[in-house]
Peer 1: 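This is the structure, below, for whatever I ask next.
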Amino acid sequence: MALLVVRNLRTVFDTSEGPAVAVDSVNFTIDRGETLGIVGESGCGKSVTALSIMRLVQTPPGRIAGGTIEFEGRDVLELSEPDMRALRGNDIAMIFQEPMTSLNPVLTVGYQIAEAVQLHRGVGNNEAWDAAVEMLRLVEIPEPGERAGNFPHQLSGGMRQRVMIAIALSCDPKLLIADEPTTALDVTIEAQILDLLGSLRDRLGMAIMLITHDLGVVAQQAERVAVMYAGRIVEEGKVADVFGDPIHPYTKGLLGSLPRIGGPRRLATIPGIVPRLTELPSGCNFRTRCTELIDDCSGIEPELEDYGSGREAACIVARRTRTRGGA
Amino acid sequence: MLRYLLTRIAGLVPLLIGVTFVSFLVINLAPGSPVELMTDLNPKAGPEVQQRLEKEYGLDKPLPVQYWIWVSKLARGDFGRSFQQDRRPVLDKIKEALPVTLALNVMSLAIVLCVAIPIGVYSATHQYSLGDRATTVFVFVGFAMPSFWFALLCILFFSVHLGWLPISGLRSFDHNALSDVGRVLDIAKHLILPVCISGFTSLAAMSRYMRSSMLEVIRQDYINTARAKGLDERTVTFRHALRNALLPIITLLGLSIPGLIGGSVIMESIFAIPGMGRLFFQSILARDYPLIMGVLVMSSMLTLIGNLAADLMYAVADPRLRKR
Amino acid sequence: MNGWQRALKNRVTVVGGVVVAILFAVAVFAPWLAPFDPSDIDASTILVGPSAEHWLGTDSLGRDVLSRMIFGARVSLLVGFVSVGIACAIGVPLGAVAGYFGGVVDTVVMRFVDLMLCFPSFFLILAVIAVLEQSIWNIMIVIGATSWMGVCRLVRAEFLSLREREFMVAARGLGQSPAKIIFRHGLPNAMAPVFVAFILGVASAILTESGLSFLGIGVPPPDPSWGNILTEGKATIEVAWWMSVYPGMAILVTVLGYNLLGEGLRDTLDPRLRQER
């Protein structure tokens with residue numbers, strides 16, 4: 001049985017210019033111990049999907065307008081608030097993009113870890129503190145006993161992200177949602193943090209939902225990948241398959257815009273910009289920027305369709321060419 | 001920390017010198033000698049009396065010399081003597097009045113904080129709710145309310161109409177005849193209106209400020225981190241958000257000191273309370289220049305000390321500044 | 001949408017604007033609106049409560065309170081605008097110069113601002129009035145001279161950021177004089193927040209004036225001001241409540257009107273200054 005099953009998730013933000021559908025008909029599953037990468041440009045709904053799973057979408061203006069989010073068979077959206085709190089930080093944990101602002105400046109890092117342990121494990125102060133120090137050791141922070149008494153501003157960005165990971169993993173979650181965990185960090189630190197995440201996953205056996213705009217990170221860390229565009233998943237499959245033979249024009253565009261040693265000197269770009277969520281085009285959301293456009297694209301909203309061996313993509317053009325050419 | 005304190009205090013010295021300069025300048029803006037005004041009020045004082053006074057207060061010397069004499073005396077803690085009949089040292093008069101004003105303002109600030117912080121937190125965590133809207137209306141009315149008028153209304157209602165509270169003063173006529181408990185209650189009764197009313201405007205300002213500070217904090221990433229841990233909203237609000245939201249309030253407290261001292265003129269005049277405000281007002285009416293200058297210097301020193309204290313409190317409360 | 005349309009869509013602005021407009025009308029048309037001569041002493045109507053003839057009652061000299069309040073609107077309007085005008089005349093150039101030149105000029109000006117902020121402004125005002133002759137003009141000058149610091153800081157901050165903008169740099173590159181750059185190119189761009197500060201300043205100047213008049217050192221009687229009617233109200237509070245209630249209400253509504261207008265305009269004119277609400 002899958003750990004997390006998201007079906008037809010729809011999250012809407014009510015703005016002064018009308019409702020903005022940040023996440024629309026999103027479907028995906030994550031198995032135990034598996035890493036799913038979610039990629040896309042900023043504003044495509046990756047983070048909102050994550051916050052929806054945690055039920056941390058700011059309401060108002062946001063609200064989850066439909067769908068189900070099943071975690072271990074229970075619909076998270078149906079849980080009472082106390083049940084949801086028991087899940088957060090315990091079964092599903094999350095780390096955020098900005099390590100500089102994601103830790104409370106007036107509390108020691110030890111306290112911020114111990115707090116989660118105490119809450120979910122019901123242990124005493126000293127025991128929770130010891131557990132916090134232990135977590136700092138686990139995320140490879142030197143002199144964890146002393147560091148626990150530090151305030152966030154006394155730590156570097158990479159250290160703070162390690163602390164965030166320590167908080168998230170302190171209660172041994174089954175699913176870790178990592179929302180752009182390395183975007184704000186230097187490249188060398190990024191590699192360290194990614195290595196750490198990978199080794200901790202192998203040791204602790206949790207599943208990871210890794211949100212990023214960096215295809216390289218996905219290629220390195222994830223088994224499967226889902227590509228999002230303007231609130232929808234446009235392609236999904238094993239990382240090797242998707243990156244080796246992209247089906248959707250958007251995925252092709254993303255891959256084409258990556259620099260490669262020995263590749264063409266001019267990078268391919270995707271023309272145009274991401275449409276505003278309040279002004280999405282009819283039919284396919286991507287059609288205003290697509291290079292493989294046909295007339296039907298403005299009339300038909302493409303749905304994810306099966307391409308075999310776990311591949312799915314939502315493009316009517318690909319459907320027609322692939323059907324004609326292959327199978 | 002000590003070094004921080006010392007540099008801060010050193011930074012106050014030029015301001016203090018400026019304060020004495022402005023205080024002196026203001027008084028000497030007047031055309032003619034202060035003694036003229038003083039003797040104008042007293043028909044018995046002839047030209048020879050005027051000359052004697054001028055000599056006594058050094059007013060026959062040129063202004064820069066006068067300033068130098070005054071400031072060097074100030075530096076030794078000598079504020080000079082009052083122009084008024086009693087000729088008492090200015091400092092003695094201030095010493096009597098200052099504790100009254102301080103006590104009054106500390107009490108009303110304490111009440112203001114106890115009320116404004118919960119109001120601000122509630123409004124911010126229940127943004128756009130009925131309670132929040134009601135608070136906003138209250139805040140706007142509070143800002144626009146002339147404090148003396150509010151005082152009059154309260155006197156009209158609680159003292160004249162209901163007869164519950166005394167109209168003015170700090171003690172009843174029969175105060176000395178009362179028992180110990182009775183005396184305390186008597187003073188407390190006299191304090192209720194002045195304390196509550198002088199805090200009213202600050203209450204509006206403080207709850208508004210608390211609200212926006214709290215709104216600012218609950219948008220921060222670390223609040224989401226706290227929620228993602230599974231903490232309940234109460235813990236998130238009070239343990240994670242409130243502490244951060246209170247930091248700017250400390251600065252605001254320091255900044256509100258001049259306003260409070262200034263406002264005490266009106267409050268103490270209405271309620272006949274013998275504090276700094278009334279002392280200053282009386283010195284104005286009597287053109288008691290040494291006293292006017294003395295109170296000006298003293299009140300701005302209080303402001304400076306208040307700001308310094310606020311900065312220190314901030315440095316203690318905010319770990320990001322603690323290690324300097 | 002242009003600025004005016006946006007301002008008119010904001011309810012707060014409209015309510016405040018209507019209050020202010022009514023006050024203007026009352027002040028301008030006072031002689032026609034007032035049912036009685038505000039200085040008409042009438043021994044037969046001393047301290048009479050509100051009635052059909054005297055809507056808001058009479059004072060201890062038998063003068064009609066409503067008429068005095070209508071003429072009092074002129075005082076508050078005059079004091080409000082003139083004293084804030086003075087404050088801006090001091091604060092705007094000082095702030096512009098400090099922000100434009102920076103360096104030593106900036107330090108000197110800002111230290112002076114800090115110095116002025118050390119004093120409880122009400123004390124400073126009282127002290128100056130003590131040595132000057134008591135008149136409405138002196139009141140306005142003193143209020144203006146002790147309340148320019150806020151707008152000075154505001155304009156300085158605007159200029160600090162304007163200084164680096166292309167059109168300012170370009171003007172400097174063309175060799176225009178600093179005075180011309182500051183007043184022709186800089187100030188027009190800093191006017192929106194100054195305008196808001198002006199409106200809010202009028203509100204607090206009116207409060208200050210009424211406080212001074214209440215203490216008996218503001219607008220000298222027999223000229224009517226809302227503050228000095230209240231002084232009389234205090235003296236007769238136990239027998240004539242109407243003199244304590246109505247003038248204060250006028251002050252409250254006026255100050256509220258200016259504050260609403262100012263806050264509303266701040267929201268529309270300058271989104272950067274927008275307070276979370």
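Throughout, a chain's letter reflects where its sequence line sits, starting with A, and its residues are numbered from 1. Keep in mind that this is a model prediction, so the values were computed, not measured.
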Peer 1: Is Ile125(C) close to chain B through its backbone or its side chain, or both, or neither, when contacts mean heavy atoms under 4.5 Å?
Peer 2: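 Contact with chain B is absent: no heavy atom of Ile125(C) under 4.5 Å.
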Peer 1: Between Met116(C), Met249(C), Arg111(C), which has the largest tally of heavy atom pairs under 4.5 Å with chain B?
Peer 2: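 Among the listed options, the one with the most contacts to chain B is Met249(C).
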Peer 1: Against chain C, label Val160(B) side chain, backbone, both or neither, depending on which of its atoms sit under 4.5 Å from a heavy atom there.
Peer 2: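 Contact with chain C is through the side chain of Val160(B) alone.
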Peer 1: Flag the one option from Gly211(C), Ala203(C), Gly227(C) with the top tally of heavy-atom pairs under 4.5 Å to chain B.
Peer 2: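 It is Gly211(C).
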Peer 1: Taking only residues two or more places apart in sequence or in another chain, which ones pass side chain to side chain contact (heavy atoms under 4.5 Å, CB included) with Ala235(C)?
Peer 2: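 With sequence neighbours excluded, Ala235(C) shows a side chain to side chain contact (heavy atoms under 4.5 Å, CB included) to no residue whatsoever.
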Peer 1: With a 4.5 angstrom heavy-atom cut-off, could you sort out which part of Leu153(B) is near chain C: side chain, backbone, both or neither?
Peer 2: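 Contact with chain C: side chain only.
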Peer 1: At a heavy-atom separation under 4.5 Å, does Val297(B) approach chain C through its side chain, its backbone, both, or neither?
Peer 2: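 Interface part for Val297(B): neither.
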Peer 1: Looking only at heavy atoms, which two atoms of Leu215(C) and Phe281(B) are closest? And how far apart?
Peer 2: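 Taking every non-hydrogen atom into account, O-CZ, 3.3 Å.
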Peer 1: Pick one of side chain, backbone, both or neither for Leu304(B), based on which atoms fall under 4.5 Å of a heavy atom in chain C.
Peer 2: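 Interface part for Leu304(B): side chain.
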Peer 1: Can you tell me which of Val265(B), Leu260(B), Leu255(B), Ile257(B) forms the most heavy-atom pairs within a distance under 4.5 Å of chain C?
Peer 2: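 Ranked by contacts with chain C, first place is Val265(B).
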Peer 1: Where do Cys118(C) and Thr303(B) come nearest, in terms of heavy atoms and distance?
Peer 2: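 What the structure gives for the nearest pair is O-OG1, 3.0 Å.
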Peer 1: Kindly give the heavy-atom pair with the smallest separation between Ala127(C) and Val26(B), and that separation in Å.
Peer 2: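 Shortest heavy-atom separation between Ala127(C) and Val26(B) comes out as CB-CG1, 3.9 Å.
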Peer 1: Ile266(B), Ile292(B), Leu302(B), Val295(B): which one forms the most heavy-atom pairs within less than 4.5 Å of chain C?
Peer 2: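 Highest number of heavy-atom pairs under 4.5 Å: Ile266(B).
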Peer 1: Residue by residue, which of residues 74-84 of chain C have a heavy atom closer than 4.5 Å to a heavy atom belonging to chain B?
Peer 2: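 From residues 74-84 of chain C, none sit under 4.5 Å of chain B.
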Peer 1: Which heavy atom of Val22(B) sits nearest to which heavy atom of Leu115(C), and what is that distance?
Peer 2: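 That would be CG2-CD2, 3.8 Å.
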Peer 1: If you count heavy-atom pairs under 4.5 Å with chain B, which of Leu260(C), Asp114(C), Val245(C), Val253(C) comes out on top?
Peer 2: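 Among Leu260(C), Asp114(C), Val245(C), Val253(C), the one with the most close pairs to chain B is Val245(C).
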Peer 1: Not counting sequence neighbours, which residues clear side-chain hydrogen bond (donor to acceptor under 3.5 Å, both in side chains) with Arg8(B)? List them please.
Peer 2: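 Asp311(B).
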Peer 1: Under a 4.5 Å cutoff for heavy-atom pairs, which residue among Trp241(C), Phe123(C), Tyr258(C) has the most contacts with chain B?
Peer 2: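 That would be Phe123(C).
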Peer 1: For Phe143(B), which atoms come within 4.5 Å of any heavy atom of chain C: side chain, backbone, both, or neither?
Peer 2: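 Backbone plus side chain of Phe143(B), per the 4.5 Å heavy-atom cut-off to chain C.
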Peer 1: Identify the two heavy atoms, one from Pro120(C) and one from Ser300(B), that lie closest to each other, and give their separation to 0.1 Å.
Peer 2: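 Closest heavy-atom pair between Pro120(C) and Ser300(B): CD-N, 4.4 Å.
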Peer 1: Please find the pair of heavy atoms, one from Ser244(C) and one from Trp149(B), that lie closest to each other, and give the distance.
Peer 2: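 For Ser244(C) and Trp149(B), the tightest heavy-atom pair comes out as O-NE1, 2.6 Å.
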Peer 1: Would you give the length of the straight line joining atom CZ of Phe122(C) to atom OG of Ser299(B), rounded to the nearest 0.5 angstrom?
Peer 2: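 Here the interatomic distance stands at 13.0 Å.
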Peer 1: Taking Leu152(B), Ile155(B), Leu16(B), Asn307(B) one by one, which has the highest count of heavy-atom pairs under 4.5 Å against chain C?
Peer 2: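 Most heavy-atom pairs within the cutoff with chain C belong to Leu152(B).
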Peer 1: Applying side-chain contact (heavy atoms from CB on, under 4.5 Å), run through Glu263(C) and Phe140(B) and close with a yes or a no.
Peer 2: CA-CA 10 Å; Glu263(C) 295 271 342; Phe140(B) 268 98; 3.7 Å; yes
Peer 1: Going by side-chain contact (heavy atoms from CB on, under 4.5 Å), Pro146(B) matches just one of Leu230(C), Thr208(C), Thr254(C), Ile251(C). Which one?
Peer 2: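 When side-chain contact (heavy atoms from CB on, under 4.5 Å) is applied between Pro146(B) and each of Leu230(C), Thr208(C), Thr254(C), Ile251(C), only Ile251(C) qualifies.
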Peer 1: With a cut-off of 6.0 Å (strictly less than), are more than 12 heavy atoms of other residues, nucleotides or ligands near CZ of Phe200(B)?
Peer 2: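 It does: Phe200(B) CZ has more than 12 such atoms within range.
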Peer 1: With a 4.5 angstrom heavy-atom cut-off, could you sort out which part of Ile270(B) is near chain C: side chain, backbone, both or neither?
Peer 2: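 Contact with chain C: backbone and side chain both.
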Peer 1: What part of Ser23(B) gets within 4.5 angstrom of chain C, counting heavy atoms only: side chain, backbone, both, or neither?
Peer 2: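 For Ser23(B), heavy atoms of backbone and side chain both lie under 4.5 Å from chain C.
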Peer 1: Considering residues, nucleotides and ligands other than Leu162(B), do more than 12 of their heavy atoms fall under 6.0 Å from its CG?
Peer 2: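 Check passes, neighbour count above 12.
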Peer 1: In chain order, what residues pass the ring pair (Phe, Tyr, Trp, His ring centres under 6.0 Å) check against Phe119(C), with sequence neighbours excluded?
Peer 2: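 Residues passing ring pair (Phe, Tyr, Trp, His ring centres under 6.0 Å) with Phe119(C): none at all.
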Peer 1: Quick check on Leu296(B) against chain C: is it the side chain, the backbone, both or neither that has a heavy atom closer than 4.5 Å?
Peer 2: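 Both backbone and side chain.
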